[in-house]
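Step one of this worksheet: look at the structure below.
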There are 2 protein chains.
Amino acid sequence: MSDRAAPRAAVDPSDAAERILARIRERGGAPTIYDIAELAGVNPSTVSRALGKPGRISAATAQKVEDAAARLDFRVNPMARALQTGKTRMLGLVVADITNPVVFDIVRGAELEAAAAGYTLVIAESQESGVNEAEAVERLLPSVDGLVLATTRMPANQIDELAARKSLVLINRAVDGVPSVLPDVESGVEQLVEHLAEHGHRSFVYLAGPDRSWISARRWAAILAAAERRGIAIVEVGPNAPTIEGGRTALRRVIASQATALIAYNDLMAIGFMQESAAQGIGVPDRISVAGFDDIFGSELIVPALTTVRADLVRAGRQAVAMTLSGDRDSAASAGLLPTSLIVRGSTGAAPRR
Amino acid sequence: MSDRAAPRAAVDPSDAAERILARIRERGGAPTIYDIAELAGVNPSTVSRALGKPGRISAATAQKVEDAAARLDFRVNPMARALQTGKTRMLGLVVADITNPVVFDIVRGAELEAAAAGYTLVIAESQESGVNEAEAVERLLPSVDGLVLATTRMPANQIDELAARKSLVLINRAVDGVPSVLPDVESGVEQLVEHLAEHGHRSFVYLAGPDRSWISARRWAAILAAAERRGIAIVEVGPNAPTIEGGRTALRRVIASQATALIAYNDLMAIGFMQESAAQGIGVPDRISVAGFDDIFGSELIVPALTTVRADLVRAGRQAVAMTLSGDRDSAASAGLLPTSLIVRGSTGAAPRR
DNA sequence: TTGTAAGCGTTATCAC
DNA sequence: GTGATAACGCTTACAA
C-alpha cells in the first residue's frame, strides 16, 4: 500500500474544511457541490454522481465525497436540481375545505405516502369554489410533478386538459381516461338501505350535497337504485351546502316530506340536521332516522351518535399519491374500489308506527 | 405616426405564434421567456422585466410582451426563478398532527395568508414525534423562504439554530429571541377559574398534556396562579397523551383526587374523559365539572357540550405567516397576545354538595 | 428604455 | 472512473 503521505499534501484537511466553511458563511449561502469538490479534491460532476448514483463511482472517491459532504453539512439545492431534471419531487393536493374533517384523513394518507417516497406535499384549499380551485391548480402546477384533486368541482374538460399536462389523480370523482380513487359506494349504501328497510322504513329522503358534486350524484344514484329495488319511496332534496348549516336549513323541507328516514350527503349535514331537530323538538331516531357518509370525527360524539357509511380515506389519500407517482394510467382500472362499510349507531332506529 | 408596416415584417403574427407553439409542444416543455421574446420581437431580459417589474418598460413593449405571454399561455418557472433569486416563495408549516382539529384552523389561517401574499404553503406533519419533526424541518428547509412551527417539540437550542438560518415563527411556544404567536392564556384561564369558583368548586385537577409541551406548562402555570389567588386546591395529573385516549385513561386518577372540577390540557382530552365518565356512570357536571382548551369541532356536539377556553387559531395561523414573511424580529414583541375567551357550555356546573 | 452577458447549483453528455 | 463543459430558465448588473 502506498501509505506514505505525499510530502506536498501536508495541508491539514480539517483546516481546509474550516477555510471553506468560513467562505460559505461569508457569502451567506448554503454549501454547494463545488465546495465539496474542492474539499474532496475531485470534480463537481464527480460529487454529483457520488451523491446521486452510488454505483457508478469508486468506493474510495465515494467515501471522500461523502465525508466532505457531511463535514460541510451539505444538502442538495432542490431548485437547482429541479431546473436541470425537470422534476421537482413535489406533489400537489387540492382539497375543497381543510376544516372539513373528511379531508384530514385524505391529507394524512397523502402526506404519509408522499413522505415515504421522498416527495414533498403541497396543499391548497379551494374553499368549495371552482374559481379558487382553478387558481390554486394554476399556482401549483409549475412546481409539482403530479397533482391530486380531492372532490374537485372542475368541469370534466378542464380536468382532461390538466391530465394531459401533468400526472393527475382524482379522489371521489370519475372522469373518463383520468385515473381516480373511488369508494365502493354501492356496497355501503346497500348495507345502509337494508338496515333502514329492516327497521320498517318505507320512505326516505336523500339530502343532496352541492350542485355539481360528482360524488353526491353518485351516492344519490346508488341510494335510488337500492330503494327502488325494495319498493321504498325516495326523494332527493337539494342541492345544499355540504356543511352543518346546510343540514340545519334543510330540516323543514325534510319534515314536510313525511319521510321516516334521512340519508344526508355527508356527516356534517347529518349533524346539522340533528342539531336543528333537537332545537325543534323533533326526535331522532323516534320521529326520523338519520344517517350520513364519511364517519368524521364528531359523528360518534353527537347524541344520538350518527349512523354512517365509512370509507377508508387515509387509504384513499395514500393510493392517490401512489398512483400519481407511478404515473401509470392503467393502474387506475386495476386499483379497484375502496371498500366502504356501514357503522350503525343510535341515530337510526325503528320507523314510527303510522 | 409611422403606421405603415415595414415591408419585411409581413409575417403573419398568428402564424409565428403557431410555429412557436408547435416547437414548444415538440420539445415537450413549457413556454419560456425565450419563446415570448421571439414572438414579441424583444430580448428575453426585456420579457423578464416587463413581466416582473411593470414600471421600468415602455407601455408599448409591455403590451407586446403581455400579449405574447398570453398567447403562449406562459407561466414563470418557479424553480428557475428561485435558483437565481434565492427566494422560493414557499413557506413551510410543521404541525404535530394533521388530524387534530386544533390544527385545522391554524392551517387554514396560514394558507389564507400565504396565498394572499402569493406564497405557496408546504405542510409537514411530525406525528407528535420530535425526531419526525426534525426530519421534516430538514426536508423542508432548502425549499422554503420561511418556516412556521406549530406547538413544536424541538429543544430550544435547536430552535435557536434554525432561527439563525431561516425566518422562523413559532405558534404556541416561546423561545427567547425567536418570534412567536402566543395566546393570552392568563385572560381565558382567569375567566374559567372564576367561573368554576363562582359555582362553588374548591378543588381542581389539571390534566396535563405531553411531557415537554411548552403550552401545557403555560396553561398549568396560569391555572395554578389563578387557583392560588383564590385559595383553591389544585393538583396536576400527568403527563398524558393529548388525545381522546389520553383523557380516557386518566379518569381513575382524576376521580381518586376527589376534585370537583377538571381542566384538561385540550378539548380532545376533555372529550375522552367525558366519554369514559359516561361509560363508568360518573355524572358530568353533577359529580365533576369538565373544561378544556381550544373549542375544537366536536366540543359543542358532545353531551353535555364542553366548556372551553377558545383562542382564535385562524388568526394565529395568519399572523404567524405574516410575521414569517415580514421577517421582522421586533414585530414579535409588538404583535401582542391573541385574545382568548371562555365558552361556557353544559359540562361545567355547580359543585356537588359535600 | 432595451440589449448583452454572466451566473444561480445541478445534472447530463461527452471525452479521456 | 473521472474531468470538462454545456445546458436548465430566469434575473440582474452593466452597456448602449
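Lettering follows sequence order; numbering is per chain, from 1.
The distance from atom CG of A:N43 to atom C1' of D:dA6 is 13 Å, rounded to the nearest whole Å. Between A:L51 atom CG and D:dG1 atom C1' there is a gap of 16 Å when expressed in whole angstrom units.
With B:L93 as reference, B:V107 is the one residue of B:V144, B:L147, B:V107, B:V321 to meet the side chain to side chain contact (heavy atoms under 4.5 Å, CB included) rule. The residue from A:R25, A:R23, A:R71 that alone fulfils the salt bridge (Lys or Arg N to Asp or Glu O under 4.0 Å) condition with A:D35 is A:R23. Partner of B:R173 under the side chain to side chain contact (heavy atoms under 4.5 Å, CB included) criterion, out of B:L149, B:V178, B:T151, B:I159: B:I159 alone.
Residues from residues 72-81 of chain B placing a heavy atom under 4.0 Å of any atom in DNA chain C do not occur.
Backbone-only contact: A:S58 has heavy atoms under 4.0 Å from sugar-phosphate atoms and none from a base. Counting non-hydrogen atoms under 4.0 angstrom, A:I57 reaches the backbone sugars and phosphates but no base.
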Review item, nucleotides 14-16 of chain D N/O atoms under 3.5 Å of protein N/O:
none

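The shortest distance between the side-chain N/O atoms of A:S45 and the OP1/OP2 oxygens of D:dT2 is not below 4.0 Å. In terms of phosphate contacts, B:K53 brings a side-chain nitrogen or oxygen within less than 4.0 Å of OP1 or OP2 of D:dT12.
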In a table with atom names and distances, give each donor-acceptor pair under 3.5 Å that connects a side chain of residues 50-61 of chain A to protein atoms at least two apart or in another chain.
| from | atom 1 | to | atom 2 | distance (Å) |
| --- | --- | --- | --- | --- |
| A:S58 | OG | A:T61 | N | 3.2 |
| A:S58 | OG | A:T61 | OG1 | 2.6 |

Which donor-acceptor pairs under 3.5 Å do the side chains of residues 77-85 of chain B make with protein atoms, sequence neighbours left out?
| from | atom 1 | to | atom 2 | distance (Å) |
| --- | --- | --- | --- | --- |
| B:N77 | OD1 | B:M79 | N | 2.8 |
| B:N77 | OD1 | B:A80 | N | 3.1 |
| B:T85 | OG1 | B:R81 | O | 2.9 |
| B:T85 | OG1 | B:K87 | N | 3.1 |
| B:T85 | OG1 | B:K87 | O | 3.3 |

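In this model, a side-chain donor or acceptor of B:Y34 finds a partner on the base of D:dC10 within 3.5 Å.
When all heavy atoms are compared, the tightest approach of A:A134 to A:Q158 is CB-OE1, 4.0 Å. Listed here is the closest heavy atom pair of A:S143 and A:M90: O-CE, 3.2 Å. Across every non-hydrogen atom of B:A37 and B:N43, the tightest pair is CB-C, 3.9 Å.
Defined by atom type and a distance below 3.5 Å, a donor-acceptor pair is present between the side-chain atoms of A:R108 and B:Q127.
With DNA chain C read from its 5' end, the first of the two nearest nucleotides for B:T61 and B:T85 is the one closest to B:T61. Heavy-atom distances to DNA chain C give each of B:L83 and B:V42 a nearest nucleotide, and the one nearer the 5′ end belongs to B:V42.
Taking CZ of A:R315 as the reference point, atom CG of A:D105 lies at 13.5 Å (rounded to 0.5 Å).
Comparing the start and finish of the helix from C:dT1-D:dA16 to C:dC16-D:dG1, five pairs each, the helix axis swings through 40°, to the nearest 10 degrees.
For A:Q84, the side-chain atoms get nearest to D:dA7 when compared with the rest of D:dT2, D:dA7, D:dC10.
Nucleotides of DNA chain C lying under 4.0 Å from heavy atoms of chain B occupy a range whose first and last members, 5' to 3', are C:dT1 to C:dG9.
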